[in-house]
Amino acid sequence: MILAVDIGNTAIKLAVVDDVSVYDLIRTSQEEFINHVKSFCSSYPDLTDACICQVGSIDIKLLDSLERLLNVTYITKDSKLPFSNNYQSDSLGNDRMALVAGAVKNKGQNTLIIDAGTCVTYDFIDDTNTYHGGAISPGLRLRFESLHNFTKNLPLLQPEPNQQLIGNTTSTSIQSGVVNGLTFEIKGMVKKYKKQHPDLNVIITGGDADLLVKQMKNRFFATPFLMLYGIHNIYKINS
């Protein structure tokens with residue numbers, strides 16, 4: 001049992017994770033981070049260790065405070081991984097490493113992991129448990145923000161599911177272009193991968209996964225805890 005800490009670009013997520021389950025997942029701000037950690041320590045007296053996957057920024061003083069409460073393992077480019085890594089640079093993000101580590105239980109099957117968050121990442125691990133890489137593109141919110149920030153008159157919108165193909169107002173046209181555009185991208189990417197690997201297993205996770213799955217009319221299933229299981233898996237082989 002560990003406290004898994006996912007420091008993303010838009011939120012910090014905390015949960016207690018063991019070999020079987022994820023318990024008490026919460027999203028927190030930096031201001032409440034240590035209070036929530038103390039609450040976890042109180043609720044789980046046997047909790048002694050934490051593992052951090054960080055891609056977003058956090059005040060270093062908060063990490064110092066965390067280290068006074070728990071033994072902390074950080075996921076880095078030097079971490080041992082539960083898969084063979086065929087990526088051709090050492091700049092692979094910690095979040096992508098954790099996502100792939102969360103999917104290795106599907107060993108023996110070609111797997112595409114799609115993480116729909118601030119960015120949309122595509123990561124491919126083959127049936128020999130070898131990671132090859134994938135792709136990175138802007139997530140839903142980045143697409144909405146780009147339209148607003150780089151044009152004079154377009155409003156900043158929040159993503160909504162079940163968009164029709166033809167928008168009949170500026171707002172519905174933006175929603176159609178952004179939400180349908182990303183769903184078409186995902187469907188097209190999956191189609192290309194399936195041409196090469198007909199037995200492909202597709203996993204979708206991340207903050208916008210549920211919305212996109214609904215837009216794709218349940219063609220795929222969202223997997224909300226993949227990152228947390230991956231953090232736990234990396235912790236186990238590095239502790």
Side-chain angles (χ1 to χ4, degrees), residues 6 8-13 15 22 25-29 55-56 93 95-96 98-100 102-103 106 109-125 133-230:
D6 174 13
N9 290 301
T10 57
I12 301 171
K13 285 175 277 189
V22 171
L25 171 64
I26 64 166
R27 296 166 67 94
T28 184
S29 63
V55 294
D95 54 340
R96 295 175 73 188
L99 288 167
V100 177
N106 295 299
Q109 188 172 12
N110 295 304
T111 300
L112 178 64
I113 305 137
I114 304 170
D115 181 29
T118 302
C119 294
V120 179
T121 58
Y122 302 85
D123 291 291
F124 177 70
I125 185 167
I136 305 172
S137 73
L140 284 177
R141 284 162 182 80
L142 281 181
R143 297 177 191 221
F144 281 116
E145 289 171 2
S146 295
L147 288 174
H148 174 68
N149 292 335
F150 293 100
T151 62
K152 184 178 180 180
N153 297 317
L154 295 182
L156 177 60
L157 303 178
Q158 296 298 315
E160 298 177 4
N162 303 318
Q163 294 304 316
Q164 300 299 314
L165 183 63
I166 300 174
N168 58 9
T169 66
T170 298
S171 293
T172 57
S173 295
I174 293 172
Q175 290 282 359
S176 176
V178 172
V179 177
N180 284 321
L182 183 52
T183 58
F184 296 156
E185 174 189 305
I186 291 172
K187 288 180 180 179
M189 193 73 77
V190 170
K191 184 177 179 180
K192 286 286 189 180
Y193 272 91
K194 284 194 171 182
K195 281 188 176 180
Q196 296 183 25
H197 307 283
D199 65 339
L200 186 72
N201 177 48
V202 179
I203 299 173
I204 300 183
T205 190
D208 289 324
D210 285 334
L211 183 149
L212 291 167
V213 166
K214 289 177 183 176
Q215 188 66 20
M216 291 184 284
K217 306 197 184 302
N218 295 321
R219 181 176 176 179
F220 309 111
F221 295 96
T223 307
F225 301 140
L226 190 67
M227 173 78 76
L228 299 171
Y229 283 127

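Salt-bridge annotation for E185 and R143: present, with a side-chain N of the basic residue lying under 4.0 Å from a carboxylate O of the acidic one. Using a cutoff of 4.0 Å between basic side-chain nitrogens and carboxylate oxygens, R96 and D115 are not scored as salt-bridged.
With contacts defined as side-chain heavy-atom distances shorter than 4.5 Å, the pair C119/L142 qualifies. P155 places a side-chain heavy atom less than 4.5 Å from the side chain of I174. Side-chain contact check for F144 versus H148: every heavy-atom pair is 4.5 Å or farther apart. Counting only heavy atoms from C-beta outward, the side chains of V190 and I114 approach each other to under 4.5 Å. Using a 4.5 Å heavy-atom cutoff, the side chains of M227 and D95 are in contact. With contacts defined as side-chain heavy-atom distances shorter than 4.5 Å, the pair V120/I136 does not qualify. Here the side chains of F124 and I113 are not in contact, with every heavy-atom distance at 4.5 Å or above. Side-chain contact between N180 and Q215: present, with at least one pair of heavy atoms (C-beta onward) separated by less than 4.5 Å.
Of all heavy-atom pairs between V179 and L140, the closest is CA-CD2, 4.1 Å. Across all their heavy atoms, L157 and Q175 have their closest contact at CB-NE2, 3.9 Å. Between D208 and G117, the closest heavy-atom pair is OD2-O, 4.1 Å.
T169 places a side-chain N or O within donor-acceptor distance of the main-chain N or O of T172, the cut-off being under 3.5 Å.
Q109 and D199 share no donor-acceptor pair across their side chains, judged by distance under 3.5 Å alone. Looking at S176 and S173, their side chains never bring a donor and an acceptor atom within 3.5 Å of each other.
How far CG of L200 is from NZ of K192: 14.5 Å, rounded to the nearest 0.5 Å. For the atom pair CG of L211 and CE of M216, the computed distance is 9.5 Å after rounding to the nearest 0.5 Å.
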